[in-house]
Amino acid sequence: MFEARGAMVVDPPILQPAETLLDLYGEDIRARAYVTSDALRGEQMLRPDYTVPVVQMHMTHGAKPARYTYAGEVFRRQEKDPTRANEYIQVGYEVFDDADPAAADAEVFASISQGLSGLPVAAVTGDIGILMAAVKGLDTSVPRKSALMRHIWRPRRFRALLDRYSGKTPVPAARSALLAGDGKIDAPLIGLRSAAEIQSRIQALREDAACAPLGAGQVELIQALLDIRETMHNAISQLRDIAVDLPAISDAVDRLALREKALTERGVDTENLMFEASFGRVSMEYYDGFVFGFRADARPEWPMIASGGRYDALTKRLGEGGEIPAVGGVMRPGLMLELEGANDH
C-alpha cells in the first residue's frame with residue numbers, strides 16, 4: 001500500500017549507534033532499549049524504532065520530497081509488564097515534504113487508517129506543538145521555559161514544575177538553607193561534577209528564586225488547554241477561546257484548523273475524530289506537532305495498534321544544518337492479526 005503511494009523501501013541496520021539516541025533522549029532511553037558494546041563501533045543499541053535511522057539516512061542522502069516505508073523488528077525492554085512484547089514487527093510510512101505540512105499530516109493519518117480498515121479500533125489525535133507554543137508564550141524566565149519544554153513528555157514532572165514556578169509548592173528547607181548560605185563547598189567533591197559546575201548550579205537556583213511566580217491565570221490557561229478532550233471540530237473552538245487570553249498558541253491552532261480541512265478532504269470524519277490535548281506526551285520525545293494513535297476498542301490494556309506524528313525538529317537535529325518538515329506513522333501487524341482473529345470469532 002505504501003509502495004503504491006511512491007514510498008521507497010528502506011531497511012536500516014538492527015544495531016544502531018547508541019550515542020545518537022542517548023544525545024536525543026538522555027539516559028531515559030536505556031530503560032527502554034537493549035544496549036551492548038562493540039570494540040570498534042562503541043556502544044550500540046538494538047533498534048528501538050525506525051524513525052531516527054530513517055531521518056539520519058534521509059538527511060544524509062535523501063532528496064525532497066521523499067516517502068519511505070519499512071517492515072521489520074524493533075526491540076523494547078519491558079521491566080514492569082512481562083506480558084508486553086519486547087520484540088515485534090513494525091511497519092511504517094514516513095513523508096518528508098515541505099510543500100503542504102497539513103496535507104502531509106492528512107496523507108499519513110489517512111493511509112494508516114486505511115491499513116487498519118475493518119479492525120475494531122478508535123482513533124485519537126493531538127498536537128504537541130500547541131502545548132509547546134503555550135509554554136513559549138508564558139510570562140516567565142527563559143530557564144523556566146526551557147525546563148518546562150524539556151519535561152513536556154513527562155506529565156507529572158511538568159505539573160510539578162508548574163506548581164513550583166507558581167509558588168503553589170513551598171521551597172524545600174534544604175534548598176532554602178543552600179540559597180541562604182554563602183555558597184562555599186565544605187564537603188569533599190565526590191562524583192563527576194566539578195566545583196565550578198556546582199557553583200553554577202547554585203547561581204542558577206538563586207536566579208530562579210528571584211523570579212516572580214507564574215500568575216495563577218497563566219497556570220489555569222495551561223491546565224484548561226491540557227484538559228481539552230473533544231472532537232477535533234469542537235476542540236478547535238475551545239482552543240480559539242483559550243487563544244484570546246494566550247495568543248501565543250494562535251498560529252498552532254490555525255495549523256490544526258488547516259489539518260482538519262486536509263483530513264476532511266481525505267475523507268476522514270473529523271466531526272467524530274477525537275482530539276486530546278495531552279495525547280502523545282508519554283511517547284518518544286521527537287514529536288513536536290501533530291500526533292495520533294489507534295486504540296483497540298476491546299483491549300484498553302494493549303499498546304497502540306498504530307501511532308505516529310510530526311517530527312520537524314528531529315530533522316534539524318540530525319540534519320547537520322539542513323531541515324525539512326516530516327511526518328510518519330507505524331503499525332503493529334502482530335496486534336492487527338490478533339484483532340482480526342478475535343473479530344473472526
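- Annotation for Arg5 and Ser111: closest pair NE-OG, 2.9 Å, computed over non-hydrogen atoms.
- Residues meeting the side chain to side chain donor-acceptor pair (under 3.5 Å) test with Asp251, sequence neighbours left out: none.
- Rounding to the nearest 0.5 Å gives a distance of 5.0 Å between CZ of Arg47 and CD1 of Ile14.
- Note that OG of Ser113 is 9.0 Å distant from CG of Leu273, once rounded to the nearest 0.5 Å.
- With a 4.5 Å cut-off on side-chain heavy atoms, Glu107 and Arg67 count as touching.
- Of all heavy-atom pairs spanning Lys136 and Lys145, the tightest one is O-NZ, 2.9 Å.
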**OP:** Just do the side-chain contact (heavy atoms from CB on, under 4.5 Å) check on Arg299 and Val121 with the steps written out, would you?
**Re:** CA-CA 9 Å; Arg299 303 300 297 267; Val121 295; over 6 Å; no

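- To the nearest 0.5 Å, the span separating CD on Glu19 from CE on Met45 amounts to 11.0 Å.
- Between the side chain of Arg295 and the main chain of Pro300, no donor-acceptor pair closer than 3.5 Å is present.
- Taking the six-membered ring where the residue is Trp, Phe109 and Phe292 present perpendicular rings, their angle passing 60° and hence far from 30°.
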Subject >> Test log, rule ring-ring contact (aromatic ring centres under 6.0 Å, His included), inputs Tyr68 and Tyr70 >> reply: CA-CA 7 Å; Tyr68 302 102; Tyr70 45 80; 9.0 Å; no

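- Put simply, the residue from Leu318, Ile128, Asp49, Val55 that forms a side chain to side chain contact (heavy atoms under 4.5 Å, CB included) with Tyr286 is Asp49.
- By the 4.5 Å heavy-atom criterion applied to side chains, Leu15 and Asp38 are not counted as neighbours.
- To the nearest 0.5 angstrom, Thr169 atom OG1 is 9.0 Å from Arg164 atom CZ.
- Salt bridge annotation for Asp127-Arg259: present, with a cationic side-chain nitrogen under 4.0 angstrom from a carboxylate oxygen.
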Original post:
Yes or no on side-chain contact (heavy atoms from CB on, under 4.5 Å) for Val108 and Phe2, after CA distance, side-chain angles and deciding distance?
Top reply: CA-CA 10 Å; Val108 170; Phe2 297 135; over 6 Å; no

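- Smallest separation of non-hydrogen atoms from Ala123 and Phe294: CB-CE2, 3.5 Å.
- Each salt bridge (Lys or Arg N to Asp or Glu O under 4.0 Å) pair with one or both residues in residues 210-220, not counting sequence neighbours, would appear here, but there are none.
- Taken to the nearest 0.5 Å, the CG atom of Asp241 stands 11.5 Å off from the CG atom of Leu221.
- Figure legend: Arg281 and Phe158 shown as a cation-pi pair, the cationic atom lying under 6.0 angstrom from the six-membered ring centre and within 45 degrees of its axis.
- Between Asp139 and Arg144 there is no salt bridge, since none of the side-chain N atoms of the basic residue sits less than 4.0 Å from a carboxylate O of the acidic one.
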Subject >> Candidate pair Glu87 and Leu46, rule side-chain contact (heavy atoms from CB on, under 4.5 Å), full reasoning >> reply: CA-CA 10 Å; Glu87 174 183 353; Leu46 286 179; over 6 Å; no

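- For the pair Leu138/Tyr165, no side-chain contact is recorded, criterion being any heavy-atom separation below 4.5 Å from C-beta on.
- Here the side chains of Thr270 and Thr231 are not in contact, with every heavy-atom distance at 4.5 Å or above.
- The aromatic rings of Tyr311 and Tyr287 are tilted relative to each other, their planes meeting at an angle between 30° and 60°.
- With Arg310 contributing its side chain and Pro101 its backbone, the two residues share a donor-acceptor pair below 3.5 Å.
- Between Leu258 and Asp254 there is no side-chain heavy-atom pair separated by less than 4.5 Å.
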**OP:** Dump the intermediate steps for salt bridge (Lys or Arg N to Asp or Glu O under 4.0 Å) on Asp312 and Lys316, then the final yes or no.
**Re:** CA-CA 7 Å; Asp312 296 349; Lys316 186 174 183 179; over 6 Å; no

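- Of the possible polar contacts, one joining the Thr125 side chain to the Met274 backbone as a donor-acceptor pair under 3.5 Å is found.
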